[in-house]
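The block underneath contains the structure these notes are about, expressed in structure tokens.
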Amino acid sequence: MFRFPAIVLLLALVFKPSFADEPRSPNKVVDQQTRMQWFRDAKFGMFIHWGAYSQAGGEWNGETNHHEWLQLTAKIPLAEYTEFAKSFNPTRFDADQWVKIAKDAGMKYLVITSKHHDGFAMYDSPSSDHDIADLTQFNRDPLKELADACHEHGVHFCVYYSLGRDWEDPDVPTGRGDKVGFRSNLIDYPNESEKDFSLYFERKVKPQVRELLTGYGPIGIMWFDTYGLITKEQSLELKALIRELQPECVINQRIGHNLGDYKVSEQEIPADGSYDPWESCITMNGHWGYNKADDNWKSPESMVRSLVDIVSKGGNFLLNVGPTGEGVIPEPSVQRLVAIGDWMDVNGEAIYGCGPTPFGDELGKKVKDKSGKTRVVGKLPWRATTKPGKIYVHLFEWPAGELSLPAIPGTIEDARILGMDINASLEVNSIGDRTTIRLPDNRPEWAIPVICLTLAE
Ligand code: FHN
């Protein structure tokens, strides 16, 4: 991670991908910059945690804090969980509506859980009978419908796949040392040492990854999770399979052994920025999967702030929804996505295809407190994103009178607030190592207004 030396960066404003060209597939050559470009430009995606566990809404035997780990946290034997999965019948599922909700919120890609830790495939998987097609009455393939709707609406269709955890398969050990079996199905398969990951890898992982990459059209990202005890050879083999079947498909970090195309942060935003592509995946309340008792919803403004903070540091924001067992995205999520979409309608140009901040001081400084814990101090209430010839300043607070920024190299030929119909450019003054921008008395009514600075050629 890095701090941006202001002047150099502003002039740079072009990305220098740090990846060598990837292994070439016999039938198509794709260099890393080409592969990653859509991802780098997209910035904002929808994560969807949805499966048989969604039926419970987090509740089991009166306990209400379960979620997508239901089978493990409620200690449900496989046979009983399979019976439970049989009743999964999301008749209100409407793929077109989901994709529209994502698109209207300004999201450019969508990542759906094709198989989570319970090993239940949310698509018609020829290689497994622990799937929605074989077990339930729901004679439809939700992944197919979502893929079609995404391709129709120009949203990148991506799939999540639980790699190193599967509570249906008998050969998925987890954890080393004092953590042996810590995330395994020890109810049905108590003998961890008997489990052979390579059998699961050959029997389930490779066949299902091939099914997903050959049956659902272009896959934007293979979003693996919890790679666990996969070996480097197996991660390399999986990567080669994906490169062969879909050379343009992006692979996240959690394929394991640093073989992914980008880094993943979960439920947090790194303090610093990075030139290498990365992504923060974050929930809208306290859970990934649907939990009907959880109404600890984040505000739309705080999620726009996260988006802006992440993009100003060179990352992507993958924001999660947890649909119900019937196949409905909870109303509080929809309302917040509509509000985020309203902000994106006005300020999207300051997000899509943007580069990170040309400054850095606004991100604050890392200090160690008495307990040795690292924390960030001195963050400023604004962030900046960039495009060639443009700097966008996102205001988390509306300063009285004027905004003071570090010196900006070059000449600012125009400064205006996106969405505000003011004829004249805002007054800009460069004094020593500061740039000040005089702001109108009345602030825009929406949260986090953005000032667009146009630099002279
Ligand atoms: O255990 C999973 C969890 O259920 C969820 O899917 C998140 C999403 O990134 N990943 C794992 C926890 O790191």
Side-chain angles (χ1 to χ4, degrees), residues 39 44-60 63 65-76 81 85 107 109-122 143 158-169 172-176 179 181-186 205 208 212 220-230 250-257 260-270 277-291 294 296 298 303 306 310 315-325 329 333:
F39 180 83
F44 191 30
M46 176 183 272
F47 207 175
I48 305 177
H49 276 73
W50 191 44
Y53 45 79
S54 305
Q55 299 175 84
E59 188 170 347
W60 193 265
E63 296 168 344
N65 191 23
H66 296 289
H67 44 74
E68 66 278 0
W69 288 23
L70 178 68
Q71 183 181 347
L72 191 84
T73 52
K75 299 185 174 49
I76 308 173
Y81 190 84
M107 295 162 152
Y109 61 108
L110 176 154
V111 182
I112 173 76
T113 48
S114 68
K115 186 205 77 158
H116 205 267
H117 305 336
D118 60 0
F120 179 79
M122 284 294 289
L143 239 67
C158 314
V159 292
Y160 165 109
Y161 189 87
S162 173
L163 190 52
R165 284 181 201 168
D166 188 308
W167 300 323
E168 181 263 340
D169 191 282
V172 189
T174 63
R176 288 193 177 84
K179 286 194 166 183
F182 82 130
R183 294 286 183 264
S184 297
N185 174 352
L186 297 178
V205 175
Q208 289 194 319
L212 293 166
I221 304 171
M222 279 304 300
W223 209 100
F224 292 109
D225 199 8
T226 57
Y227 56 83
L229 301 183
I230 191 170
V250 172
I251 302 170
N252 79 345
Q253 176 185 27
R254 295 180 176 179
I255 191 172
H257 306 283
D261 296 315
Y262 71 88
K263 290 191 172 51
V264 174
S265 288
E266 178 167 315
Q267 296 288 50
E268 63 169 13
I269 300 174
W278 61 277
E279 179 188 62
S280 263
C281 57
I282 294 177
T283 55
M284 291 179 88
N285 59 6
H287 291 90
W288 299 102
Y290 175 55
N291 181 294
D294 181 352
N296 175 21
K298 297 179 176 98
M303 291 185 270
S306 296
I310 289 168
N316 280 33
F317 185 27
L318 187 63
L319 184 57
N320 183 77
V321 297
T324 67
I329 297 178
S333 294

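Order of appearance sets the numbers: ligands from 1, and atoms from 1 within every ligand.
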query = Could you give the distance from CD1 (Ile255) to CG (Asp225), rounded to the nearest 0.5 Å?
reply = 13.0 Å
request  = Mind telling me whether Tyr109 and Phe39 have parallel, tilted or perpendicular rings, with 30° and 60° as the class edges?
outcome  = tilted
inquiry  = Can you classify the ring geometry of Trp69 versus Trp167 as parallel (below 30°), tilted (30 to 60°) or perpendicular (above 60°)?
reply    = perpendicular
query = Any chance the rings of Tyr160 and His49 have centres within less than 6.0 Å?
reply = yes
remark   = Across all chains, not counting sequence neighbours, the salt bridge (charged side-chain N to carboxylate O under 4.0 Å, His left out) partners of Asp169 are Arg203
task = Heavy-atom cut-off of under 4.0 Å around ligand 1: list whichever protein residues fall inside it, by chain and number.
result = Phe47, His49, Glu68, Trp69, His116, His117, Tyr160, Arg165, Trp223, Asp225, Arg254, Glu266, Cys281, Trp288
inquiry  = If only side-chain N and O atoms count, and only distance matters, is there a donor-acceptor pair under 3.5 Å linking His287 with Asn65?
reply    = yes
